[in-house]
There are 2 protein chains.
Amino acid sequence: MQNDHFQPHDHARCISTALDAAERFCAAQGLRLTPVRKRTLEILLSEHRALGAYDILAKLDADGFGSQPPVAYRALDFLTANGFAHKVEALNAYVACTHPGAEHAPAFLICRSCGVVEEAEAAPDKGPLARAAREAGFAIERAVVEAQGTCPACRSAHP
Amino acid sequence: MQNDHFQPHDHARCISTALDAAERFCAAQGLRLTPVRKRTLEILLSEHRALGAYDILAKLDADGFGSQPPVAYRALDFLTANGFAHKVEALNAYVACTHPGAEHAPAFLICRSCGVVEEAEAAPDKGPLARAAREAGFAIERAVVEAQGTCPACRSAHP
DNA sequence: ACATAAATGATATAACATTACACATCAACC
DNA sequence: GGTTGATGTGTAATGTTATATCATTTATGT
């Protein structure tokens, strides 16, 4: 794992790196990282926990963007469509991507105790699921891979 | 894969086998497979697609079991807690288990075209996710593994 | 038969998400 | 530089999924 957000780390750097990557990617692809979209990404980046759409909406509203659900969902659609954020299906919540820009198949480690979500690589062509799919002749287009458990920090804190 | 529900098969046997297994398991464990619970399992078993809680509720209501959400959710809680059914997180829907009784870590192959959900074994201690978890010192308690794509039957039908 | 625990009935509400339409802004072209 | 079409935003209304709470009933063990 190249990074480990369960441990203390330079989080300001997480934010600036990801934001910077998103800005470059949008510039290169002719995508518009508008104020709501950028702010939504900043909100997600502010923690390594998954936030519900309505949590995000409340913050956007406080910042003078609209107060209606589509405000948040549209921004999230943009961010997830372009790989800047992901939806965590098991939580119905959203998390900023830690290696944005490139196409990738994310997998998540979700700590039940502190709520931190760590992103890993799903490697969709390897592992038992891929084998089952090949045997059945099933063509995988997208994989949801989300592990819930306890992170090392929480385990040593509450033994 | 020991079974393949993407292909035509003796579905009546799927139903009776699973129902029978559930009945034996409940008898052995002192669990009560009450009428609502049994009927809910039958509804889920009637197809290999995932059904929403409110779809199930409508059928239960038609059968005289009450029309309020807790009726369905309580039955689903019982079935999922005991391994007779699973929730498919990516769909917010529920599917009957095809190898009930034993503790197991399910993984799913979900066909976007026909909606059939095939259950496979997740093998939580193998694969890339397990490796990432070990490296991070993360203890996995539950894994959501759901692949979406197209099944062989649908692929040969719509080439 | 009684006490207890488990299950159900019923009401209300919370949490998550989409449709639809009006208006504004932007990019491109003439 | 104004027109046009595409994209993005504001807002209202609604749809979908899930839970909390409390009263009542039913099953179980003694």
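Letters A, B, ... are given to chains in the order of the sequence lines, protein chains preceding strands, and every chain is numbered from 1. Being a predicted model, the structure only gives us computed values, none of them experimental.
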(request) For B:Pro69 and for B:Val36, find the nucleotide of DNA chain C with the closest heavy atom, then tell me which residue's nucleotide is more 5'. (result) B:Val36
(request) Find the distance A:Arg74:CZ to C:dC16:P and express it as a whole number of Å. (result) 20 Å
(request) Give a yes/no answer on whether the side chain of B:Tyr54 brings an N or O atom under 4.0 Å of OP1 or OP2 in D:dT17. (result) no
(request) Please determine if A:Glu89 and A:Arg142 form a salt bridge, counting it only when a charged side-chain N lies under 4.0 Å from a carboxylate O. (result) yes
(request) State the CG-CD1 distance between B:Leu44 and B:Ile15, to the nearest 0.5 angstrom. (result) 11.0 Å
(message) Tell me whether the rings of B:Phe84 and B:Phe78 are parallel (<30°), tilted (30 to 60°) or perpendicular (>60°).
(response) tilted
(request) Tell me what B:Arg32 touches on the nucleic acid: a base, only sugar-phosphate, or nothing, going by heavy atoms under 4.0 Å. (result) sugar-phosphate
(request) Evaluate ring-ring contact (aromatic ring centres under 6.0 Å, His included) for A:Phe6 paired with A:His48, printing each intermediate quantity in order. (result) CA-CA 9 Å; A:Phe6 296 127; A:His48 289 292; 9.3 Å; no
(message) For a quick test of reading the model: is some side-chain N or O of B:Lys87 closer than 4.0 Å to OP1 or OP2 of D:dT17?
(response) no
(request) Find the distance B:Leu91:CG to D:dA18:C1' and express it as a whole number of Å. (result) 16 Å
(request) Specify the residues of residues 142-149 of chain B, ordered by number, for which at least one heavy atom lies under 4.0 angstrom from an atom of DNA chain C. (result) none
(request) Please check the phosphate of D:dA18 (OP1 and OP2 only) for any side-chain N or O of B:Tyr94 closer than 4.0 Å. (result) yes
(request) Calculate the interatomic distance between A:Leu31 atom CG and D:dT7 atom P; express it in whole Å. (result) 12 Å
(message) Quick check on DNA chain D: between A:Ser67 and A:Phe78, whose nearest nucleotide comes earlier from the 5' end?
(response) A:Phe78
(request) Check whether any side-chain nitrogen or oxygen of A:Arg37 sits under 4.0 Å from OP1 or OP2 of D:dT9, and answer yes or no. (result) yes
(request) Check whether more than 12 heavy atoms from other residues, nucleotides or ligands sit under 6.0 Å from atom CZ of A:Arg24, and answer yes or no. (result) no
